[in-house]
Asker: 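Got a structure for you, written out below as structure tokens; questions coming shortly.
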Amino acid sequence: MGLKVKRRHRAEDLIDRRLVKAISAPLRVEIIVECSIAPISQSEFRERQGKQYSAQLNSHHFDVLVECDVSEVAFTRRIKGSQVNFYYA
């Protein structure tokens, strides 16, 4: 019988880089939590956060989460003449 040799795993094999990127910012973690409870729009999230962050910053983080396949558009609704996306995680 031969010796069994354990294969060492490379970090790239064990870690999903998209998930790491998604959770690397505290604001994105907050968005994930809110989206996992119920679909939410960017403006609703901003209101719940007390307008603590700019609309542009929120939009950037929502876009990153979609890009990383952590969140996606659940549905779109027309509100006051604008198309508003609602996201879920």
Side-chain angles (χ1 to χ4, degrees):
M1 293 186 111
L3 293 173
K4 285 191 172 185
V5 178
K6 283 191 174 182
R7 183 178 152 231
R8 296 193 95 176
H9 294 283
R10 297 179 347 184
E12 294 82 25
D13 296 336
L14 300 173
I15 299 170
D16 184 346
R17 291 181 186 274
R18 294 175 305 162
L19 182 59
V20 171
K21 181 177 180 178
I23 63 173
S24 65
L27 180 56
R28 288 198 287 264
V29 173
E30 291 178 38
I31 293 169
I32 292 168
V33 169
E34 290 290 332
C35 288
S36 67
I37 295 168
I40 188 170
S41 70
Q42 293 180 18
S43 59
E44 284 179 341
F45 177 77
R46 188 164 179 253
E47 288 290 325
R48 289 185 189 176
Q49 297 298 315
K51 295 187 178 181
Q52 184 176 355
Y53 307 104
S54 70
Q56 293 82 6
L57 184 63
N58 279 344
S59 179
H60 165 73
H61 286 297
F62 272 89
D63 290 345
V64 169
L65 291 173
V66 170
E67 173 188 309
C68 292
D69 294 327
V70 174
S71 182
E72 61 185 85
V73 176
F75 57 91
T76 302
R77 187 176 289 158
R78 192 175 253 330
I79 300 176
K80 296 181 183 177
S82 297
Q83 294 282 93
V84 178
N85 293 327
F86 287 77
Y87 300 83
Y88 71 93

Asker: Tell me, do Glu72 and Tyr87 make a side-chain contact under 4.5 Å, heavy atoms counted?
Answerer: no

Asker: Side chains of Asn58 and Leu27: closer than 4.5 Å at any heavy-atom pair?
Answerer: yes

Asker: At their closest point, which heavy atom of Phe62 faces which heavy atom of Ser41, and how far apart are they?
Answerer: CZ-O, 4.3 Å

Asker: Determine whether Val29 and Tyr88 fall in the same hydrophobic cluster, where Ile, Leu, Val, Met, Phe, Trp and Tyr are linked whenever their side-chain heavy atoms lie under 4.5 Å apart.
Answerer: no

Asker: With clusters built from Ile, Leu, Val, Met, Phe, Trp and Tyr whose side-chain heavy atoms come within less than 4.5 Å, directly or transitively, what are the remaining members of the cluster of Phe86, listed by chain and number?
Answerer: Phe75, Ile79, Val84

Asker: Of all residues at least two apart in sequence or in a different chain, which pass the salt bridge (Lys or Arg N to Asp or Glu O under 4.0 Å) check with Glu67?
Answerer: Lys21

Asker: Drop me the distance from Gln83's CD to Arg77's CZ, to the nearest 0.5 angstrom.
Answerer: 11.5 Å

Asker: Minimum heavy-atom separation for Ala22 to Ile32, with atom names?
Answerer: O-CD1, 4.4 Å

Asker: So Arg48 and Ile40, side chain to side chain contact (heavy atoms under 4.5 Å, CB included) or not? Walk me through it.
Answerer: CA-CA 10 Å; Arg48 289 185 189 176; Ile40 188 170; 3.5 Å; yes

Asker: Do Leu65 and Val73 sit in the same hydrophobic cluster, where Ile, Leu, Val, Met, Phe, Trp and Tyr count as joined when their side-chain heavy atoms come under 4.5 Å apart?
Answerer: yes

Asker: Pair Gln42, His61 - check side chain to side chain contact (heavy atoms under 4.5 Å, CB included), show working.
Answerer: CA-CA 10 Å; Gln42 293 180 18; His61 286 297; over 6 Å; no

Asker: Is there a path of hydrophobic side-chain contacts, each under 4.5 Å between heavy atoms, that joins Val64 and Tyr53?
Answerer: no

Asker: If you round to the nearest 0.5 Å, how far is SG of Cys68 from CG of Asp63?
Answerer: 11.0 Å

Asker: Counting only N and O atoms by type, is there a donor-acceptor contact under 3.5 Å from the side chain of Thr76 to the main-chain atoms of Asn85?
Answerer: no

